[in-house]
Amino acid sequence: MGNGLKSLVAAALLLSAPAVAGPKEDVLAASDAFMAALNSNNPDAAEALTHPSLTIQILRFPPEGGSIFSTLTRQQLFDNFRKAPPRKFEEYLVKPKISLTRDFAHVWGPYTLDIDGKRIHCGIDSFGWSKIDGKWLLTSFAWTADPKGCPPK
């Protein structure tokens with residue numbers, strides 16, 4: 001095989017090889033795994049992706065106006081999921097943005113929430129991730145919840 005053909009074959013192999021995931025892809029995969037666990041009613045799997053000192057903040061926008069700020073502990077968040085009646089929970093991030101420096105990352109993006117097929121609200125999800133002992137763990141989680149202006153289902 002001539003050098004030109006060898007180069008062409010090598011280039012074709014490189015282009016056809018699957019891309020190697022980088023840190024941003026790893027963080028997005030962790031966010032996706034967290035949401036998939038919640039969407040499949042598996043709070044234990046979601047909790048396993050979090051740090052024990054996870055902080056949670058919520059800013060709700062009631063239909064009548066204004067805003068309501070609240071916080072939850074990690075225990076409260078997952079107890080709420082465990083106590084909830086059986087339901088189809090569907091929350092999806094749309095085009096999230098990822099910021100990363102070394103072992104600290106942030107995923108931020110619009111989301112929609114549907115429960116039993118009904119659009120409940122939409123808003124912004126904000127995930128803070130830290131890589132601890134080689135594993136990305138959710139260390140902060142915040143969201144807004146707005147019943148108005150959500151994209152159609």
Side-chain angles (χ1 to χ4, degrees), residues 14-153:
L14 284 174
L15 291 174
S16 66
V20 175
K24 284 188 176 183
E25 291 80 10
D26 291 345
V27 169
L28 186 57
S31 296
D32 289 344
F34 180 77
M35 296 308 299
L38 294 179
N39 286 341
S40 64
N41 287 318
N42 190 344
D44 293 336
E47 188 172 18
L49 296 168
T50 68
H51 190 273
S53 51
L54 171 69
T55 61
I56 300 144
Q57 300 175 336
I58 305 111
L59 188 61
R60 291 181 175 85
F61 301 107
E64 62 275 7
S67 62
I68 301 167
F69 176 79
S70 61
T71 61
L72 292 172
T73 65
R74 178 184 189 232
Q75 187 69 47
Q76 288 170 320
L77 176 69
F78 293 110
D79 282 352
N80 288 346
F81 274 95
R82 290 181 182 102
K83 292 176 187 173
R87 62 196 176 156
K88 186 174 182 186
F89 186 92
E90 298 174 281
E91 183 172 343
Y92 297 103
L93 281 172
V94 181
K95 297 182 182 176
K97 296 179 176 150
I98 304 166
S99 297
L100 177 108
T101 182
R102 298 174 55 97
D103 291 344
F104 181 76
H106 199 87
V107 176
W108 185 96
Y111 77 94
T112 58
L113 174 64
D114 299 339
I115 295 179
D116 293 331
K118 180 181 177 206
R119 176 75 28 101
I120 302 300
H121 62 251
C122 57
I124 299 296
D125 271 344
S126 173
F127 301 89
W129 295 92
S130 296
K131 194 171 190 179
I132 301 168
D133 296 327
K135 181 179 177 185
W136 286 104
L137 294 176
L138 188 62
T139 54
S140 67
F141 183 32
W143 67 89
T144 63
D146 193 344
K148 294 182 181 179
C150 297
K153 189 162 168 45

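Numbers here are sequence positions counted from 1. Just so it is clear, the values below take in all heavy atoms, side chains as well, and ignore hydrogens, waters and symmetry mates. Please read these numbers as outputs of a predicted model, since none were measured by experiment.
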Could you walk me through whether L77 and T50 pass the side-chain contact (heavy atoms from CB on, under 4.5 Å) check? CA-CA 11 Å; L77 176 69; T50 68; over 6 Å; no
Using 30° and 60° as the class limits, which term best fits the ring planes of F34 and F141: parallel, tilted or perpendicular? perpendicular
Interatomic spacing from [atom1] in [X] to [atom2] in [Y] - rounded to 0.5 Å:
{"X": "T55", "Y": "L138", "atom1": "OG1", "atom2": "CG", "value": "8.5 Å"}
{"X": "D114", "Y": "F89", "atom1": "CG", "atom2": "CZ", "value": "10.0 Å"}
{"X": "D79", "Y": "T73", "atom1": "CG", "atom2": "OG1", "value": "7.5 Å"}
{"X": "D103", "Y": "I132", "atom1": "CG", "atom2": "CD1", "value": "9.0 Å"}
{"X": "I56", "Y": "L54", "atom1": "CD1", "atom2": "CG", "value": "4.0 Å"}
{"X": "D125", "Y": "S31", "atom1": "CG", "atom2": "OG", "value": "9.0 Å"}

Donor-acceptor pairs under 3.5 Å, side chain of residues 35-47 to any protein atom, not counting sequence neighbours: which ones?
residue	atom	partner	partner atom	Å
N39	OD1	E91	N	2.8
N39	ND2	M35	O	3.4
N39	ND2	E91	O	3.0
S40	OG	A36	O	3.0
S40	OG	A37	O	3.2
N41	ND2	R87	O	2.8
N42	OD1	A45	N	3.1
D44	OD1	R82	NE	3.2
D44	OD1	R82	NH2	2.7
E47	OE1	R82	NH2	2.5

Between A48 and K135 the two heavy atoms that sit nearest each other are O-NZ, 3.3 Å
[X] side chain near [Y] side chain, heavy-atom distance below 4.5 Å:
{"X": "H121", "Y": "Y111", "result": "yes"}
{"X": "P151", "Y": "R119", "result": "yes"}
{"X": "T144", "Y": "I124", "result": "yes"}
{"X": "W108", "Y": "S99", "result": "no"}

Check for a donor-acceptor pair, side chain of [X] on one end and backbone N or O of [Y] on the other, with a separation under 3.5 Å.
{"X": "K95", "Y": "G109", "value": "no"}
{"X": "R102", "Y": "K131", "value": "no"}
{"X": "T101", "Y": "F104", "value": "no"}

Going through the checks in order, is the side-chain contact (heavy atoms from CB on, under 4.5 Å) test met by W136 and L49? CA-CA 8 Å; W136 286 104; L49 296 168; over 6 Å; no
Does K88 have any salt bridge (charged side-chain N to carboxylate O under 4.0 Å, His left out) partners at least two apart in sequence or in another chain, and if so, which? E90
If you look only at pairs with a residue in residues 92-153, which of them pass as a disulfide (SG to SG under 2.5 Å), with sequence neighbours excluded? C122-C150
